[in-house]
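Okay, structure first, notes after.
Fair warning: this is a prediction, and the values are worked out from it, not measured in the lab. One is the number of the first residue; the rest follow in order along the sequence. Basis for what follows: all heavy atoms, side chains included, without hydrogens, waters or symmetry-related copies.
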Amino acid sequence: CTEPPFGKIAVVDLKTRKIVWEKPLGTSRDSGPFNIPSQIPMPMGVPNTGGALTTQSGLVFIGATQEHAFRAFDINSGKKLWSARLPAGGNATPMSYISPKSGRQFVVVGAGGNAAVVTGASDHIMAYALPAAK
């Protein structure tokens, strides 16, 4: 048996080529024996597939895990700043856009799941607005 974590997130300084921070990514909430979700959000780092998005303001957004969750981390400290539940796995690379109508920045992720990492199935696209500029 392999000991957890089974998946991690890390930030690398491209100038020094050193890892700034790394941590297990995901909890056991939506995984378990015989594909029965445990409902126990134990942070253990779960298998993941999908990319991350980094904003100019220093936020890292990522779904990617077996858990049906989308998270935002501080790029400098690795502190989790926000998370939201998804209808299925967010196993896609998020994207960002600025609304021409409101000027607000949005982050969007496909929450379609992934059969290979057993994250359910859905046809949802989830969009989240970043706080309005002051």
Side-chain angles (χ1 to χ4, degrees):
C1 291
T2 304
E3 195 173 306
F6 303 114
K8 291 182 178 182
I9 183 171
V11 167
V12 177
D13 182 317
L14 297 178
K15 289 181 183 174
T16 65
R17 299 181 184 175
K18 304 274 187 217
I19 294 175
V20 177
W21 57 264
E22 69 178 318
K23 59 176 49 184
L25 181 62
T27 76
S28 58
R29 179 177 183 173
D30 295 312
S31 56
F34 308 109
N35 294 328
I36 299 170
S38 72
Q39 301 299 321
I40 302 169
M42 182 180 358
M44 58 185 277
V46 295
N48 58 80
T49 179
L53 165 79
T54 304
T55 67
Q56 186 175 0
S57 63
L59 299 174
V60 178
F61 289 91
I62 189 165
T65 68
Q66 282 183 322
E67 184 180 10
H68 303 176
F70 191 48
R71 298 173 172 86
F73 295 94
D74 178 276
I75 196 168
N76 295 311
S77 68
K79 179 181 177 185
K80 183 174 78 172
L81 302 173
W82 171 86
S83 67
R85 288 287 291 162
L86 298 171
N91 306 110
T93 302
M95 65 167 276
S96 176
Y97 69 93
I98 295 177
S99 167
K101 190 172 188 174
S102 68
R104 301 249 340 246
Q105 184 175 7
F106 291 81
V107 174
V108 180
V109 66
N114 182 315
V117 287
V118 193
T119 61
S122 157
D123 60 358
H124 287 77
I125 302 292
M126 306 299 289
Y128 303 92
L130 274 63
K134 294 180 180 180

- Item | Any side-chain donor near an acceptor of the partner, T119 and N91, under 3.5 Å | yes

- Donor on one side chain, acceptor on other, S31 and E67, under 3.5 Å: no

- Task: May I ask you to check if K80 and W82 form a cation-pi contact, with NZ or CZ under 6.0 angstrom from the six-membered ring centre and within 45° of the axis?
- Result: no

- side chain to side chain contact (heavy atoms under 4.5 Å, CB included) between F6 and M44, intermediate numbers included: CA-CA 7 Å; F6 303 114; M44 58 185 277; 3.4 Å; yes

Heavy atoms, side chains only, cut-off 4.5 Å: are [X] and [Y] in contact?
X    : Y    : value
P43  : P24  : no
Q66  : N114 : no
W21  : S77  : no
S96  : L53  : yes
L25  : I62  : yes
K23  : V11  : no
V46  : T27  : no
F106 : I98  : no

Considering all heavy atoms, the nearest [X]-[Y] contact:
X   : Y    : result
G63 : F70  : N-CD1, 3.6 Å
P41 : Q39  : CD-O, 3.4 Å
A88 : A111 : CB-O, 3.6 Å
G89 : H68  : N-CD2, 3.6 Å
V12 : V20  : C-CG2, 4.2 Å
R71 : T65  : NH1-OG1, 3.9 Å

- Query: Does the pair F61 and F73 meet the rule for a ring pair (Phe, Tyr, Trp, His ring centres under 6.0 Å), with working shown?
  - Reply: CA-CA 7 Å; F61 289 91; F73 295 94; 9.5 Å; no

- Quick check: does any side chain N or O of T93 sit under 3.5 Å from a backbone N or O of G51, one acting as donor and the other as acceptor? yes

- Between the CG atom in N76 and the CG atom in L59, the distance rounded to the nearest 0.5 Å is 10.0 Å

- Query: What's the spacing between T55 OG1 and I75 CD1 if we round to 0.5 Å?
  - Reply: 8.0 Å

- Audit row: V107, L130, side chain to side chain contact (heavy atoms under 4.5 Å, CB included) steps and yes/no: CA-CA 7 Å; V107 174; L130 274 63; 3.4 Å; yes

- Message: Do I125 and Y128 sit in one hydrophobic cluster, given that two such residues count as connected whenever their side-chain heavy atoms are within less than 4.5 Å of each other, even indirectly?
- Response: no

- Message: As a quick check of understanding, evaluate side chain to side chain contact (heavy atoms under 4.5 Å, CB included) for L86 and M126, giving each step before the final call.
- Response: CA-CA 8 Å; L86 298 171; M126 306 299 289; 3.7 Å; yes

